[in-house]
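Remarks on the structure that follows.
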Amino acid sequence: MKKTLIASAIAAATISGTALAQESNLPTVYGNIQYVLTHTNVDGAGSAVEHADNGSTLGIKHDHEIAPGITGFFKLELEGINADDKSSSNGIDALDEAYIGVKGDSFGQVWVGSDDSVYESAIVKIGNFHEYGSDIFANYETGEGDLIQYMSPSFGGLTLAAAVQINGDNDTKGGTDKSYPYQLVATYAVDALELSAAMDSNDGGAGPNNENSYGLTATYSMGDFSLIGEYQTRKDVDDIMGVMGVYTLGANQFALSYQVQDVDATDDKNDTIILQALHNVSDNMYVYFEGYLSNADSTIYADPDGTAATGDEQTIAAVGAVYYF
């Protein structure tokens with residue numbers, strides 16, 4: 001599920017509601033229901049059709065003036081609704097985002113809790129763009145919980161950001177296991193060009209190693225057309241490269257992306273092509289089609305009893321609809 005377009009759409013749709021809430025100091029309630037119908041075919045393993053919830057959420061947010069030029073804010077967003085099938089739903093049973101923070105024009109903003117990390121927000125543009133979701137995303141490990149994050153104001157187009165994950169010290173086994181992975185980001189925007197560079201220390205200890213991840217992203221906007229290039233690398237893990245073009249035409253959006261992943265451990269080279277066509281039905285609803293072609297080995301659950309089979313090239317056709325407020 002893509003986060004960027006949904007977030008922008010919700011923000012635009014709730015401008016009037018937010019203004020009313022601020023006048024009465026009430027929080028803003030927002031949400032969405034996302035449905036998707038997919039046909040997946042894996043060469044040598046069969047095919048499957050699935051109707052699914054693609055990440056429906058319900059959230060609440062609020063901000064208030066602490067002092068002139070200083071604003072306090074919070075956000076709580078829940079998911080896990082499984083809106084496609086009530087028999088398998090336990091209601092809202094998962095947390096997506098939850099944080100509190102303070103922001104001001106002079107010092108930027110600092111926030112604490114669970115949220116997309118500054119590395120993900122700055123670097124993972126292609127993986128977060130698509131509705132159904134690319135099979136190539138990122139190679140960093142620092143998660144979205146227990147974060148303290150900071151973003152500076154713009155200094156002539158330069159914005160700096162940092163995050164640290166407080167996993168704490170564990171000395172219950174006679175030793176001390178410290179884990180404080182961190183991220184650093186620099187973004188420079190001038191005219192139609194935006195450049196971001198970032199690193200993640202990967203010190204959480206759960207992955208293949210604690211080598212740093214490094215990422216670069218460039219976005220160039222030319223009216224209704226945007227071109228995005230992305231590169232990520234991590235020693236002894238993999239390299240990820242991608243390019244995507246996005247064109248808007250009235251209520252329609254068209255996107256074509258290509259990603260390639262070089263996996264160090266197996267010397268495999270996986271690539272994925274994704275085509276998207278999206279139509280905004282109204283200010284609160286859009287529909288889309290996405291087609292995927294990937295050469296990575298894939299597992300498919302094609303039988304009703306859940307039997308899995310693994311094959312080679314994978315193709316996916318996804319049709320979906322989103323209603324948000």
Side-chain angles (χ1 to χ4, degrees), residues 1-5 34-55 84 120 123-141 207-208 213 215-217 226-247 252-279 287-322:
M1 178 198 66
K2 174 189 71 168
K3 297 182 180 180
T4 51
L5 183 62
Q34 305 183 49
Y35 289 124
V36 64
L37 179 66
T38 60
H39 178 271
T40 303
N41 183 79
V42 177
D43 188 20
S47 62
V49 175
E50 181 183 14
H51 176 237
D53 183 312
N54 198 39
D84 61 303
E120 178 181 344
I123 301 300
V124 191
K125 302 289 189 180
I126 299 177
N128 270 326
F129 179 87
H130 301 100
E131 295 290 329
Y132 186 65
S134 173
D135 59 341
I136 298 176
F137 189 76
N139 57 21
Y140 70 96
E141 288 177 44
S213 292
L216 295 170
T217 299
S226 296
L227 183 64
I228 300 171
E230 182 181 307
Y231 174 71
Q232 300 179 65
T233 185
R234 182 175 177 185
K235 184 180 178 181
D236 297 329
V237 178
D238 64 16
D239 297 324
I240 297 173
M241 292 162 282
V243 62
M244 179 173 66
V246 183
Y247 179 67
N252 304 300
Q253 174 179 278
F254 304 95
L256 178 63
S257 68
Y258 174 73
Q259 294 172 281
V260 59
Q261 178 184 39
D262 288 323
V263 182
D264 292 344
T266 60
D267 289 328
D268 288 338
K269 178 177 285 189
N270 306 323
D271 58 6
T272 298
I273 299 172
I274 304 177
L275 173 66
Q276 181 197 82
L278 183 148
H279 175 68
V287 295
Y288 64 88
F289 166 81
E290 289 182 344
Y292 295 72
L293 174 62
S294 172
N295 75 338
D297 290 345
S298 302
T299 299
I300 190 170
Y301 296 88
D303 296 331
D305 62 358
T307 302
T310 300
D312 298 319
E313 185 176 278
Q314 176 180 248
T315 57
I316 302 174
V319 179
V322 178

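Please read these numbers as outputs of a predicted model, since none were measured by experiment.
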Under the side-chain hydrogen bond (donor to acceptor under 3.5 Å, both in side chains) rule, collect the residues that match up with S134, sequence neighbours excluded.
Q259
Could you grab the distance from atom [atom1] of [X] to atom [atom2] of [Y], nearest 0.5 Å is fine?
{"X": "I300", "Y": "E50", "atom1": "CD1", "atom2": "CD", "answer": "10.0 Å"}
{"X": "L37", "Y": "Y132", "atom1": "CG", "atom2": "OH", "answer": "10.5 Å"}
{"X": "T315", "Y": "N41", "atom1": "OG1", "atom2": "CG", "answer": "4.5 Å"}
{"X": "T272", "Y": "Y292", "atom1": "OG1", "atom2": "OH", "answer": "9.5 Å"}
{"X": "M241", "Y": "Q261", "atom1": "CE", "atom2": "CD", "answer": "10.0 Å"}
{"X": "N139", "Y": "D238", "atom1": "CG", "atom2": "CG", "answer": "4.5 Å"}

Does any N or O in the side chain of [X] come within less than 3.5 Å of the main-chain N or O of [Y], such that one atom is a donor and the other an acceptor?
{"X": "E230", "Y": "G242", "value": "no"}
{"X": "S294", "Y": "A296", "value": "yes"}
{"X": "T217", "Y": "I123", "value": "yes"}
{"X": "E290", "Y": "H130", "value": "no"}

Nearest non-hydrogen partners of [X] and [Y], listed with the distance:
{"X": "A318", "Y": "V36", "value": "CB-CG2, 4.0 Å"}
{"X": "G55", "Y": "Q34", "value": "O-NE2, 3.1 Å"}
{"X": "F289", "Y": "A317", "value": "CE1-CB, 4.1 Å"}
{"X": "V124", "Y": "A138", "value": "CG2-CB, 4.0 Å"}

Between [X] and [Y], do the side chains contain an N or O donor and an N or O acceptor separated by less than 3.5 Å?
{"X": "Y258", "Y": "D271", "answer": "yes"}
{"X": "E131", "Y": "N54", "answer": "no"}
{"X": "Y140", "Y": "Q232", "answer": "no"}

Heavy-atom side-chain contact between [X] and [Y] under 4.5 Å:
{"X": "N270", "Y": "N295", "answer": "yes"}
{"X": "N128", "Y": "E120", "answer": "yes"}
{"X": "D239", "Y": "Y231", "answer": "yes"}

Could you pull out all residues at least two apart from Y288 that satisfy ring-ring contact (aromatic ring centres under 6.0 Å, His included)?
none
Qualifying residues under side-chain contact (heavy atoms from CB on, under 4.5 Å), relative to [X], sequence neighbours excluded:
{"X": "D312", "answer": "D297"}
{"X": "S298", "answer": "V42, Q314"}
{"X": "L275", "answer": "L256"}
{"X": "N252", "answer": "F254, H279"}

